[in-house]
Amino acid sequence: MSTVFALFWLARSGKMISKHLRKRESFQLFPRPPFHFDATFHKPSHFPAPITAWEPGFYWMTLHLGPSICGLRIENAGSKRKPTLKVSVFSDHRILHSEVVALKTELTWRFDLDADLNDFEKAALIDARFRPVFRRWRGTRDSWHGTLYELLVISVLLQNATVRRSVQMLQALLDAFGKRVQFDSKDLCVMWEPAHMRGVSEGDLRALRLGYRARFLNRLSLDFANGTVDEIELRTMDLDRARKELTKLYGVGPETARILLYPACHQHERLRHVAPWQQKIYSRIFYEKPLVPVPKILSDLNKRYGTFAGLATHYVWEDLFWRHQHKSIPWLAKEIRL
DNA sequence: CATCAGGGCCCTG
DNA sequence: CAGGGCCCTGAT
């Protein structure tokens, strides 16, 4: 392999610049029990992005902390009675006390550590059929490690594409606009911030083979950079209001709004929308039939689980993917179509 | 080789 | 409010 080609390849795969971060700080967080560490941090149904890493009892992620970037290692350091997270902060500079406070608040929000699951437990445990599932994953939160913008990027890449293509598009974007960091023996990417996309045209994005999503990403990034979207304010809205606000965004329809909503608001709610591929999977797991009409699925699940329907289906859904990850489920493999 | 659909959404009539 | 068109890819 020629050097020039090697360099080109390294640059293409984003391996060129990798910043090393040192451990600077650590603190603890105390999730409200019950708490399930692994299922809260690791979502088997999500496609793997080189931004986070997981092993049983450990989770690594990168994020922007003010103007700088940092890496986190989160360890399961508690007991059933007193769930505890030990968080280590890796950075290229000293971490201020105010930054620790901000991190605590943000992590508590993103992973919904204060969630009160009592009413959900009551509803879930009288469900004879899925009780084992709810029991197995007891204490799991529906969560997303990143910002609203970051999830929006992912969901736009998912639109009308197979997972493989979504992965390719994300990799191309990370190579072009992300950064690489090494910390705690992990080598991960940090996503770009919306403002970094100011000088990037729709054509530039098309060159990365985003197709028509290039326009969405371009406009969405500008909206976020210009403060058109206020993530913090969205968190305080009720779900209907938040859904309405999100759907106003260019490129955000019912399905993308659904993906964003829980991380945006962390309120438990009924199901409102089932996408075609979810319809197939729900039909299989809840009815053992190939295709049940969406209105029936919605009314049945909402009747059964009430305002916790969103969370209940999350448990059943991730349980399915978890089992699939350990022992391939052929019909599911076919639906996912990597 | 051509055709098609895929974890949607926008725009038009 | 239904339906065509959109970028690209891998499957058929």
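Below, read A as the first sequence line, B as the second, and so on, with proteins coming before strands; counting in each chain starts at 1.
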Hey, can you pull the residues of residues 147-167 of chain A with a non-hydrogen atom under 4.0 angstrom from DNA chain C?
A:N160, A:R164, A:R165
Below 3.5 Å, can you tabulate the donor-acceptor pairs from side chains in residues 48-57 of chain A to any protein atom, sequence neighbours excluded?
{"unit_1": "A:W54", "atom_1": "NE1", "unit_2": "A:D38", "atom_2": "OD1", "d": "3.1"}
{"unit_1": "A:E55", "atom_1": "OE2", "unit_2": "A:K186", "atom_2": "NZ", "d": "3.4"}

Phosphate OP1/OP2 of B:dG7 contacted by A:Q279 side-chain N/O (<4.0 Å)
no
B:dC9 C1' sits how many Å from A:L260 CG, rounded?
14 Å
Expressed in angstrom and rounded to an integer, what is the separation of A:K280 atom NZ from B:dG7 atom P?
7 Å
Contact list for residues 272-295 of chain A, test salt bridge (charged side-chain N to carboxylate O under 4.0 Å, His left out), sequence neighbours left out:
A:R129-A:E288, A:D240-A:R272, A:E269-A:R272, A:K280-A:E335
For B:dC10 versus C:dT9, give the span between their C1' atoms, rounded off to a whole number of Å.
22 Å
Between C:dC6 atom P and A:E202 atom CD, what is the distance in whole Å?
14 Å
To the nearest Å, how far apart are A:R209 CZ and C:dC6 P?
17 Å
With A:K104 via salt bridge (Lys or Arg N to Asp or Glu O under 4.0 Å) - residues at least two apart
none
salt_bridge(A:D184, A:K23) N-O dist < 4.0 Å
no
A:R213 CZ to C:dC8 C1', straight-line distance once rounded to whole Å
7 Å
Using the test salt bridge (Lys or Arg N to Asp or Glu O under 4.0 Å), find all partners of A:D230 that sit at least two apart in sequence or belong to another chain.
none
Please give the distance between the P atoms of B:dA5 and C:dG4 as a whole number of Å.
12 Å
Could you write out DNA chain C as dot-bracket? Rules: Watson-Crick or G-U wobble, both distances under 3.5 Å, brackets [ ] for crossings, | for pairs with another strand, dot for unpaired.
||||||.|||||
Shared hydrophobic cluster, A:Y262 / A:L271 (ILVMFWY, side-chain heavy atoms < 4.5 Å)
no
Atom pairs, N/O to N/O, protein against nucleotides 10-13 of chain B, distance under 3.5 Å?
{"unit_1": "B:dC10", "atom_1": "OP1", "unit_2": "A:G251", "atom_2": "N", "d": "2.7"}

Which part of the nucleic acid does A:Q168 contact within heavy-atom distance under 4.0 Å: base, sugar-phosphate only, or nothing?
sugar-phosphate
Taking salt bridge (Lys or Arg N to Asp or Glu O under 4.0 Å) as the definition, give me every residue that meets it alongside A:R138, ordered by chain and number, with sequence neighbours left out.
A:E121
Output the rounded distance in Å from CE (A:M169) to C1' (B:dG6).
10 Å
Between C1' of B:dG8 and CZ of A:R258, the distance in whole Å
12 Å
Integer-rounded Å distance: B:dG6 P and A:K334 NZ
13 Å
Taking side-chain contact (heavy atoms from CB on, under 4.5 Å) as the definition, give me every residue that meets it alongside A:P31, ordered by chain and number, with sequence neighbours left out.
A:F35, A:P83, A:L85, A:L113, A:R141
Are A:R323 and A:D319 within salt-bridge range, i.e. N to O under 4.0 Å?
yes
For A:E233, all residues meeting salt bridge (Lys or Arg N to Asp or Glu O under 4.0 Å), sequence neighbours excluded
none
Listed partners of A:P194 passing side-chain contact (heavy atoms from CB on, under 4.5 Å), at least two apart:
A:Y149, A:F224, A:A225
Please name all residues satisfying side-chain contact (heavy atoms from CB on, under 4.5 Å) with A:A242, sequence neighbours left out, ordered by chain then number.
A:L234, A:M237, A:L261, A:C265
